[in-house]
Amino acid sequence: MIVYEREHDFVLTAQHEHGQVAGVMASHWKDELLADSRHREELILAAREHDRGWIELDSAPFWNDYSQSPYSFRDFPLRPRFVFYQKGIEEVREKSLYAGLLCSMMYTELFQNTLGANPIDDDDIREYLKKEQRFQEDWQQQLGGGDELKRRLQSDLEIMLFCDQLSLFLCMEEPGTPASRYDFFAEGLSCTFDACGREPIRAEWISGDKVGLSYFPFTQEFTVGLPYKSVPKASIRKFGLLQAYRRAEWKERRVLITSMD
């Protein structure tokens with residue numbers, strides 16, 4: 001779950017819904033920025049479904065007694081998380097081996113970058129990485145292996161990570177929040193590519209329903225819709241988080257993605 005707090009409620013966005021938006025973003029990617037446009041649909045599938053392992057977890061959100069807030073993807077325990085990641089990757093792999101491999105690579109890339117951030121978790125992370133990397137080596141061989149495949153995978157992985165970060169930017173904070181106030185994106189989106197000189201791409205709310213990018217990798221500006229729930233704190237106190245979440249109505253945040261220029 002993606003969670004942020006307001007004075008009287010918590011705003012919750014399911015991980016899979018955020019993933020769906022990442023898939024929409026990938027579908028607008030410029031052909032000339034793809035390593036091989038013939039595999040566009042597999043990239044879109046991977047971007048869209050990369051968080052499907054969260055579907056069951058997010059259907060019944062958990063309360064974190066320590067933080068006095070719903071558990072989010074930032075603090076949800078690792079061991080059960082890894083089980084559901086692997087379940088989601090396998091479901092994608094059944095549809096497309098290439099897309100499943102991309103999803104696996106996305107998670108190992110993210111967790112390689114967290115080693116040392118919380119040494120208590122390092123052994124669990126290393127075990128997960130070792131297991132997934134064995135799968136990845138096997139799947140690459142099934143796809144024919146070789147340097148060309150590795151280059152295409154790396155290029156498509158960078159696109160997935162960028163779309164993931166941009167989609168997170170839309171739902172991690174209240175619309176209109178300056179990028180400087182984001183934990184992750186104050187210096188820009190860290191996932192970049194050769195076309196922009198490997199420089200971080202800045203994202204900024206231009207208005208409450210419009211986000212501008214300092215480098216625009218898409219064919220045209222477009223609008224995405226993000227379902228979410230605002231769950232009143234009073235309802236959580238009365239019914240508990242699960243029932244309060246189920247009672248809350250679905251809403252939709254619509255955001256135009258455009259260039260800052």
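Every heavy atom of this structure was used, including side-chain atoms; hydrogens, water molecules and symmetry mates were not. Because the structure is predicted, anything quoted here is derived from the model rather than measured. For this chain, numbers begin at 1 and follow the sequence in order.
- A donor atom on one side chain and an acceptor atom on the other are found under 3.5 Å apart for Tyr98 and Asp156.
- From Asp36, atom CG reaches atom CG of Leu149 across 10.5 Å, with rounding to the nearest 0.5 Å.
- Residues Lys87 and Glu91 are paired through a salt bridge, judged by an N-O separation under 4.0 Å between the basic side chain and the carboxylate.
- By the 4.5 Å heavy-atom criterion applied to side chains, Asp209 and Leu256 are not counted as neighbours.
- The shortest distance between side-chain heavy atoms of Leu213 and Thr258 does not fall below 4.5 Å.
- Classification of Lys229 and Glu249 as a salt-bridged pair fails, no side-chain N sitting under 4.0 Å from a carboxylate O.
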Any chance you could lay out the side-chain contact (heavy atoms from CB on, under 4.5 Å) test for Phe82 and Tyr107, step after step, and finish with the verdict? CA-CA 10 Å; Phe82 288 150; Tyr107 281 117; over 6 Å; no
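- The pair Glu204-Arg202 does not count as a salt bridge, with every side-chain nitrogen at least 4.0 angstrom from each carboxylate oxygen.
- Here the side chains of Met105 and Met160 are not in contact, with every heavy-atom distance at 4.5 Å or above.
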Would you please test Thr108 and Glu132 for side chain to side chain donor-acceptor pair (under 3.5 Å) and show each step? CA-CA 7 Å; Thr108 54; Glu132 283 301 307; over 6 Å; no
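- Taking each heavy atom of Gly212 and Met260 in turn, the nearest pair found is O-CE, 3.4 Å.
- Between Arg79 and Asp124 a salt bridge is recorded (basic side-chain N to carboxylate O distance below 4.0 Å).
- In this structure, Leu43 CG and Ser96 OG are separated by 10.5 Å, a value rounded to the nearest 0.5 Å.
- Side-chain atoms of Arg253 come within 3.5 Å of backbone atoms of Leu170 as a donor-acceptor pair (strictly under, hydrogens ignored).
- Rounding to the nearest 0.5 angstrom, the gap separating the CG atom in Leu157 from the CG atom in Leu161 is 4.5 Å.
- Ile44 and Val224 fall into different hydrophobic clusters, where Ile, Leu, Val, Met, Phe, Trp and Tyr are joined by side-chain heavy atoms under 4.5 Å apart, directly or via other members.
- Cluster annotation: Val92 is not connected to Phe84 through the hydrophobic network of ILVMFWY side chains, with a link wherever side-chain heavy atoms come within less than 4.5 Å.
- With a 4.5 Å cut-off on side-chain heavy atoms, Glu127 and Asp123 do not count as touching.
- Separating the OG atom in Ser104 from the CD atom in Gln140 is a distance of 9.5 Å, to the nearest 0.5 Å.
- In this structure a side-chain-to-backbone donor-acceptor pair under 3.5 Å is missing from Asp138 to Arg134.
- A donor and an acceptor atom, one from each side chain of His18 and Ser167, are located under 3.5 Å apart.
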Decide side-chain contact (heavy atoms from CB on, under 4.5 Å) for Ile2 and Ser72; before the verdict, give the C-alpha distance in whole Å, the side-chain angles of both, and the deciding distance to 0.1 Å. CA-CA 5 Å; Ile2 301 162; Ser72 77; over 6 Å; no
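- Counting heavy atoms of neighbouring residues, nucleotides and ligands inside a 6.0 Å radius, atom CD of Glu56 does not exceed 12 of them.
- The pair Glu173-Arg181 does not meet the salt-bridge criterion, since no charged nitrogen lies less than 4.0 angstrom from a carboxylate oxygen.
- For the 3.5 Å distance criterion, the side chains of Asp121 and Tyr128 fail to qualify, holding no donor opposite an acceptor.
- Contact record, Gly100 with Trp139: O-CZ3, 4.0 Å, taken as the closest heavy-atom pair.
- For the residue pair Glu17/Tyr228, the side-chain donor-acceptor check at 3.5 Å is not satisfied.
- Residues Ser259 and Glu221 bring no donor and acceptor atom of their side chains to less than 3.5 Å of each other.
- Within the 4.5 Å cutoff, the side chain of Glu187 has no heavy atoms near those of the Pro200 side chain.
- Within the structure, the side chain to side chain donor-acceptor pair (under 3.5 Å) test picks out the following pairs touching residues 22-35 (sequence neighbours left out): Asp31-Arg40.
- Donor-acceptor pairing under 3.5 Å is lacking for the side chains of Asn64 and Gln68.
- For Tyr182 and Phe184, the ring centers sit 6.0 Å or farther from each other.
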Would Met25 and Phe218 count as a side-chain contact (heavy atoms from CB on, under 4.5 Å) here? Give the steps. CA-CA 8 Å; Met25 292 171 174; Phe218 304 110; 4.1 Å; yes
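- Both Leu110 and Leu57 sit in one connected hydrophobic cluster of ILVMFWY residues. Membership requires side-chain heavy atoms under 4.5 Å apart, directly or through other members.
- Using a distance-only test at 3.5 Å, with no hydrogens or angles considered, no donor-acceptor pair links the side chain of Arg93 to the main chain of Cys103.
- The minimum heavy-atom distance between Leu45 and Ala99, with the atom names listed, is CD2-CB, 3.8 Å.
- Other residues sharing a hydrophobic cluster with Trp63 under the 4.5 Å side-chain heavy-atom criterion for ILVMFWY residues are Met1, Val3, Phe10, Leu12, Val231, Ile236, Leu241, Tyr245, Trp250.
- Within the 4.5 Å cutoff, the side chain of Tyr66 has no heavy atoms near those of the Asp75 side chain.
- Val24 and Ile55 end up in different hydrophobic clusters when Ile, Leu, Val, Met, Phe, Trp and Tyr side chains are linked at under 4.5 Å.
- The environment of CZ in Arg198 is crowded: more than 12 heavy-atom neighbours from other residues, nucleotides or ligands sit within 6.0 Å.
- Across every non-hydrogen atom of Ala26 and Cys163, the tightest pair is N-SG, 3.7 Å.
- Here Leu129 contributes atom CG and Phe111 contributes atom CZ; the two are 8.5 Å apart, rounded to the nearest 0.5 Å.
- More than 12 heavy atoms of other shown residues, nucleotides or ligands fall within 6.0 angstrom of atom CD in Gln112.
- The side chain to side chain donor-acceptor pair (under 3.5 Å) test applied to Lys233 returns Glu5, not counting sequence neighbours.
- Hydrophobic clustering (ILVMFWY, side-chain heavy atoms < 4.5 Å, transitive): Ile159 and Phe162 are in one cluster.
- Summarising the geometry, atom CG belonging to Leu166 is positioned 8.5 Å from atom CZ belonging to Phe185; distances are rounded to the nearest 0.5 Å.
- Asp58 is not listed as a side-chain neighbour of His16, based on a closest heavy-atom distance of 4.5 Å or more.
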Determine, step by step, whether Arg52 and Glu49 satisfy the salt bridge (Lys or Arg N to Asp or Glu O under 4.0 Å) criterion, reporting the C-alpha distance in whole Å, the side-chain angles of both residues, the deciding distance to 0.1 Å, and the verdict. CA-CA 5 Å; Arg52 68 173 297 103; Glu49 300 294 327; 2.6 Å; yes
Evaluate Lys251 against Ser230 for side chain to side chain donor-acceptor pair (under 3.5 Å), listing each step before the verdict. CA-CA 8 Å; Lys251 302 178 181 180; Ser230 54; 2.8 Å; yes
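- Ala203 approaches Ala179 most closely through the heavy-atom pair O-CB, 3.4 Å.
- Using a cutoff of 4.0 Å between basic side-chain nitrogens and carboxylate oxygens, Arg74 and Asp183 are scored as salt-bridged.
- Taking the six-membered ring wherever Trp is involved, the centroid distance between the rings of Phe76 and Phe62 falls below 6.0 Å.
- With a 4.5 Å cut-off on side-chain heavy atoms, Ile257 and Val255 count as touching.
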